Each structure stands twice: as structure tokens, then as C-alpha cells.
There are 2 protein chains.
Amino acid sequence: MTDFYSENSRFYVSVDCIIFGLNRGRLSVLLARRGFEPEKGKWSLMGGFVRQDENLNDAAMRVLRQLTGLSDIFMEQVGAFGEINRDPGDRVISVAYYALINFDEHDRHRVMIHDARWVDLAELPELSFDHPAMIEKALAMLRRKFSTEPIGFNLLPRLFTLSQLQALYESVLGEPLDKRNFRKRVADMACIRITDQIDKTGSRRGAALYRYDEDVYRNDHKFRI
Amino acid sequence: MTDFYSENSRFYVSVDCIIFGLNRGRLSVLLARRGFEPEKGKWSLMGGFVRQDENLNDAAMRVLRQLTGLSDIFMEQVGAFGEINRDPGDRVISVAYYALINFDEHDRHRVMIHDARWVDLAELPELSFDHPAMIEKALAMLRRKFSTEPIGFNLLPRLFTLSQLQALYESVLGEPLDKRNFRKRVADMACIRITDQIDKTGSRRGAALYRYDEDVYRNDHKFRI
DNA sequence: TCAAAAGTGTTCAGGGTACACCCATGG
DNA sequence: CCATGGGTGTACCCTGAACACTTTTGA
């Protein structure tokens with residue numbers, strides 16, 4: 001039966017990772033300067049070819065780990081990109097993924113080694129291939145999910161203030177939110193719990209630290225910002 | 001530079017089409033009985049291998065046309081499926097698409113030739129490979145879009161009654177809707193316009209026929225059911 | 001004492017939901 | 001004349017939006 005398949009064409013398949021992180025309060029993506037042709041020297045998403053012994057998700061996690069040192073990270077497939085000439089080097093079909101990481105935990109050394117840097121979403125440089133379309137689609141998916149599913153906490157430290165949380169939502173949704181309404185909504189979500197810790201770094205007065213409780217969410221499934 | 005790529009593995013890449021149609025008022029999918037190994041004789045989505053001279057969308061449209069005779073159809077990518085052993089015959093990475101077609105316009109002869117049939121979504125048989133997961137994901141995407149974007153009209157004839165439209169929404173969303181509230185919402189969407197035609201086939205009294213006006217939608221972008 | 005961020009309630013309007021009866025017609 | 005689907009309006013509730021001042025404390 002393999003004979004039947006063998007009449008058909010085979011393709012290089014790659015994954016490209018849109019790695020989101022919160023850098024100094026701003027939603028940013030991790031971009032690498034391409035170290036090889038084609039488009040050597042241009043900024044691009046971090047990618048890699050899929051191997052025979054791994055599925056697509058594993059390939060994406062491998063690439064993410066290479067660049068950040070992180071495993072067990074929230075990732076989601078964005079989709080497959082298959083224009084014939086999307087890669088001028090050869091025909092490559094690429095599957096894009098986006099990941100949400102806690103900026104504080106990533107390995108800056110690896111980022112440096114790969115000639116990569118964090119770029120504010122509002123200041124994207126020119127990118128190679130169809131990477132702008134990938135980022136566009138990932139952002140659309142992210143924004144849609146952000147208000148209805150508790151995925152934003154992947155971008156924050158374990159303990160966070162409500163101001164940090166609100167700033168995150170404003171940064172991702174791209175619009176200012178009313179502080180009192182925001183806190184009201186947070187207040188009646190059981191999965192966002194206050195701790196007895198205080199953060200003194202952000203203000204003289206100090207702000208209560210909160211944490212996200214995954215178990216509570218799995219029970220009541222109540223989330224809406 | 002092609003030398004650089006050539007160290008890497010290449011893969012068969014296929015597309016699989018989840019073709020939705022409204023058969024006797026029920027949301028249905030078009031399934032084909034596999035005519036070849038592996039899993040010959042089992043029901044499956046219609047698929048095909050991607051060729052060198054076409055992009056993924058074109059491949060999906062080609063497969064859709066093969067089975068239904070239709071072109072220029074609403075299609076959307078569901079995602080890439082790349083488990084190592086998803087196809088027991090050989091490693092194949094597949095990109096799923098879903099399509100919404102007007103049941104009345106498809107070519108039944110082609111369906112017959114391909115040993116395919118329309119199956120009510122509630123009565124899916126056992127399917128080959130990871131096709132159940134593909135359908136699941138396509139359905140989730142469909143349901144999500146259905147209330148906020150005017151895609152349902154792709155499943156209806158050009159002229160339709162409000163009862164047909166409501167039945168469609170109930171079938172896709174899987175829940176009954178209040179008739180008066182439904183009609184109230186329709187009434188203040190400019191893009192759904194009454195015609196002077198009457199449908200007498202569905203009732204003794206006759207029902208007004210409506211049509212969807214794409215141009216109006218492009219202007220006001222107002223749609224919400 | 002002042003600058004800077006944290007924290008806190010109420011009011012109002014609009015949209016969504018629930019709900020039941022008459023109409024027109026073909027057989 | 002009756003069975004069948006077509007067509008219509010109102011009342012209520014609740015959610016979402018708007019809005020401004022006091023508190024704390026380090027410098």
C-alpha cells in the first residue's frame with residue numbers, strides 16, 4: 001500500500017513559533033535574526049523542520065525549548081501555511097503555533113545565542129516569508145480566547161497584582177478598561193484568588209498579590225473578562 | 001541553499017474535506033467509502049494528496065470539486081493533523097478544511113461515483129484515521145462563527161423562509177430558539193431582506209421568502225443571531 | 001507634604017429572555 | 001372546518017457601562 005502513496009509528492013514541513021511574552025508590561029514576540037539563506041539577516045519567527053520521529057506539536061515544543069529553555073508551555077496551533085512560493089528557498093509547508101510564556105522564566109542566554117530578541121507587538125520590523133500573516137492570525141486567535149478562557153495567566157508570574165492583570169488585558173485587547181468594572185469582574189471569579197502577600201515594588205502603598213487557581217477553574221468553569 | 005533544506009525529511013501532505021450540507025433540514029456531512037487500503041471499505045472524509053503545483057487551499061478546492069462539482073465555495077482551514085501514526089499506511093500530514101455548500105446545487109452523480117453519501121451529524125458511523133477529531137474541530141469552529149458571521153447562508157438556497165433559517169440555526173447550534181426573538185433579531189439586520197416571493201411548499205398559508213444581501217453586510221457589518 | 005498607585009459603589013440604559021395567541025390556506 | 005405552519009408584541013430582569021474620590025506610604 002505504500003506503493004500507492006509513493007506516486008505522490010513529498011514536502012518539507014516546518015513549524016514556526018510565535019512566542020508571546022510580557023516584556024516590561026507590553027505584549028511582545030520573540031524574533032530571531034535568520035542565520036542562513038534564504039533571507040539571511042532578516043528577522044523571522046523561530047522555526048524548524050519537522051522530523052520523522054515527532055508529531056507537529058512535539059516539533060513546535062522542541063523549537064520553543066531550543067530558544068527559551070521552557071517545556072510544558074501553553075501552545076496552540078495557528079494553522080498550516082502552504083503557498084507554493086512562501087519560502088523562496090524551496091517549497092516548504094509550515095505549521096504555525098503560538099505559545100504564551102512567563103517572561104521571567106525564560107533562558108535569556110539561549111535567546112542571545114540564537115541572535116533573537118523580544119519585540120513589542122506595536123513595533124514589528126520587516127519579517128521574512130509569510131510570518132506577518134502568521135502573527136496576525138495568532139494574535140486574532142489570542143484576542144478571541146483571552147476574554148473567555150483563563151489563558152492570560154500563562155504570561156504572568158505566579159503571583160500578580162490586579163494592576164498587572166489589567167495592564168495585560170489592555171495590552172492584548174488593545175483598549176483601556178475601566179478599573180472598577182475590571183475589579184468587579186475579577187472579584188466574582190472564584191479562580192482568581194487573593195493571597196496574603198503584598199507587592200511593594202510597584203507602588204509606595206503596596207498592592208495585594210493574587211494567583212490563578214486552575215483547580216477552581218476546572219470545577220466551576222467560570223471565567224469572563 | 002536547497003542543499004541546506006535537503007538534509008531534512010519530506011512528508012506526504014494531504015487535505016481532508018469536511019463538507020457540510022443541509023439534507024432534509026438536518027446538518028449533514030458528505031462521507032466517502034474508502035476505495036483503497038489502508039482501511040479500505042471504511043467511511044472517511046474525502047481527501048487527496050497535495051501536489052507540487054498547488055497550494056493547500058487549491059488542493060482542498062480540487063477535492064471538493066471532484067466530489068461535488070462545485071467551485072467558488074465557502075471553505076475554511078480547520079488545522080493540520082500530524083500524529084506520526086495517524087495514517088497506518090504511511091506517514092501523512094493532513095490539513096483539514098470544512099466547506100459549506102448549498103445541498104441543492106451539488107452533483108449527486110459524482111457523489112454516487114465516489115461511493116459517498118450524506119450522513120446526519122448525529123448519526124456518524126465509525127470513521128477512519130483521525131477523521132472524527134477533524135469533524136469535531138470543524139464543528140466547533142462552525143458553531144462559533146455561526147452566530148456572529150453570516151456564513152449560514154452558504155447552506156441555504158438563494159431564497160429561504162425564516163422557518164428554514166431558524167431550523168438551520170437550531171440544527172447547527174443544537175438548541176431550540178424562540179421564534180419571536182429570532183425573527184426580531186432578523187428584522188433588524190439589514191442584510192437579510194424580504195422579497196416579494198412566497199414559498200407555498202412548506203405550508204398551506206405560504207411563507208415569505210428572504211434573501212441574504214452580501215453587499216449590505218459589507219457596508220454595515222451588522223450580523224448577530 | 002506630595003506624588004503615585006491602590007482600592008472602592010452606585011446609577012442607568014439597553015439588550016436578552018420569557019411567553020401565547022390569531023392568521024391564512026389547502027384539503 | 002380543521003390541521004398545519006406563518007406571523008406578531010410586551011414586560012421584566014440583568015448585565016454592561018459610565019463615573020470620582022479616598023487611602024497609603026516612601027521619598
Side-chain angles (χ1 to χ4, degrees), chain A residues 22 24-26 143-144 146-149 156-157 159-190 192-211 220-225, chain B residues 22 24-26 143-144 146-149 156-157 159-171 173-211 220-225:
Chain A
L22 207 55
R24 286 165 293 133
R26 307 281 304 159
R143 293 211 170 102
R144 191 179 58 70
F146 221 67
S147 306
T148 56
E149 287 176 54
L156 292 174
L159 298 178
F160 51 86
T161 68
L162 293 188
S163 296
Q164 284 176 299
L165 186 63
Q166 182 175 345
L168 171 60
Y169 272 81
E170 290 176 335
S171 174
V172 171
L173 301 179
E175 60 186 9
L177 300 174
D178 179 272
K179 183 161 62 158
R180 279 177 290 188
N181 292 337
F182 183 84
R183 283 164 185 248
K184 213 183 310 169
R185 283 198 290 273
V186 168
D188 54 40
M189 278 186 280
I192 301 179
R193 304 173 55 154
I194 195 167
T195 68
D196 55 7
Q197 324 245 77
I198 304 287
D199 170 81
K200 303 284 286 185
T201 64
S203 70
R204 307 199 197 291
R205 176 175 173 177
L209 284 163
Y210 288 72
R211 66 189 178 82
D220 69 4
H221 253 252
K222 189 171 155 67
F223 188 86
R224 174 78 222 181
I225 287 188
Chain B
L22 207 54
R24 286 165 293 133
R26 307 280 303 158
R143 292 209 170 103
R144 191 179 59 70
F146 221 67
S147 306
T148 56
E149 288 176 52
L156 292 174
L159 298 179
F160 50 86
T161 68
L162 293 188
S163 295
Q164 282 176 300
L165 186 64
Q166 182 175 346
L168 170 61
Y169 272 83
E170 289 175 335
S171 175
L173 302 178
E175 59 187 8
L177 300 174
D178 181 89
K179 183 161 61 159
R180 279 177 290 191
N181 293 336
F182 183 83
R183 284 167 185 245
K184 214 184 310 169
R185 284 197 290 272
V186 168
D188 54 40
M189 277 186 279
C191 62
I192 301 178
R193 303 172 56 153
I194 196 168
T195 69
D196 54 8
Q197 324 245 74
I198 304 286
D199 170 82
K200 304 282 288 186
T201 64
S203 70
R204 308 198 196 290
R205 174 174 173 176
L209 284 164
Y210 288 72
R211 67 191 176 82
D220 68 6
H221 254 251
K222 189 170 156 66
F223 189 87
R224 173 80 221 177
I225 285 189

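Just so it is clear: chains get the letters A, B, ... in the order the sequence lines come, proteins before strands, and each one is counted from 1. All of these numbers come straight from a predicted model, not from anything done at the bench.
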In DNA chain D, consecutive runs of at least three Watson-Crick or G-U pairs below 3.5 Å, as range with range, amount to C:1-27 with D:1-27
Could you write nucleotides 19-27 of chain C as a row of B, S and -, 5' to 3', where a protein heavy atom under 4.0 Å of any base atom gives B, of only sugar-phosphate atoms gives S, and otherwise -?
BB--BBBB-
Residue list, side-chain hydrogen bond (donor to acceptor under 3.5 Å, both in side chains) with E170(B), at least two apart or on another chain
Q166(B)
Any ring pair (Phe, Tyr, Trp, His ring centres under 6.0 Å) pairs touching residues 163-186 of chain A, not counting sequence neighbours?
F146(A)-Y169(A)
Which residues share a side chain to side chain contact (heavy atoms under 4.5 Å, CB included) with I198(A), sequence neighbours left out
K200(A)
For A187(B), which residues count as a side chain to side chain contact (heavy atoms under 4.5 Å, CB included) partner, sequence neighbours excluded?
none
Heavy-atom side-chain proximity of I194(B) to L209(B) below 4.5 angstrom:
no
Could you work out, with side-chain hydrogen bond (donor to acceptor under 3.5 Å, both in side chains) as the rule, every residue matching R204(B), not counting sequence neighbours?
none
Just to verify, what does Q197(A) make a side-chain hydrogen bond (donor to acceptor under 3.5 Å, both in side chains) with, not counting sequence neighbours?
none
Run the side chain to side chain contact (heavy atoms under 4.5 Å, CB included) test against R224(B) and tell me which residues pass, sequence neighbours left out.
S147(B), T148(B)
Might you list the N or O atoms of the protein lying below 3.5 Å from N or O atoms in nucleotides 12-14 of chain D, with each pair's distance?
none

Taken in chain and number order and not counting sequence neighbours, the residues that satisfy side chain to side chain contact (heavy atoms under 4.5 Å, CB included) with S203(B) are R205(B)
Upstream residue (5' side of DNA chain D) when Y210(B) and R185(A) are each assigned their closest nucleotide
Y210(B)
Provide the full list of salt bridge (charged side-chain N to carboxylate O under 4.0 Å, His left out) pairs with a residue in residues 180-199 of chain B, sequence neighbours left out, each pair given once.
R193(B)-D213(B)
Ignoring backbone atoms, test whether S163(B) places a side-chain nitrogen or oxygen under 4.0 Å from the OP1 or OP2 oxygen of dG6(D).
yes
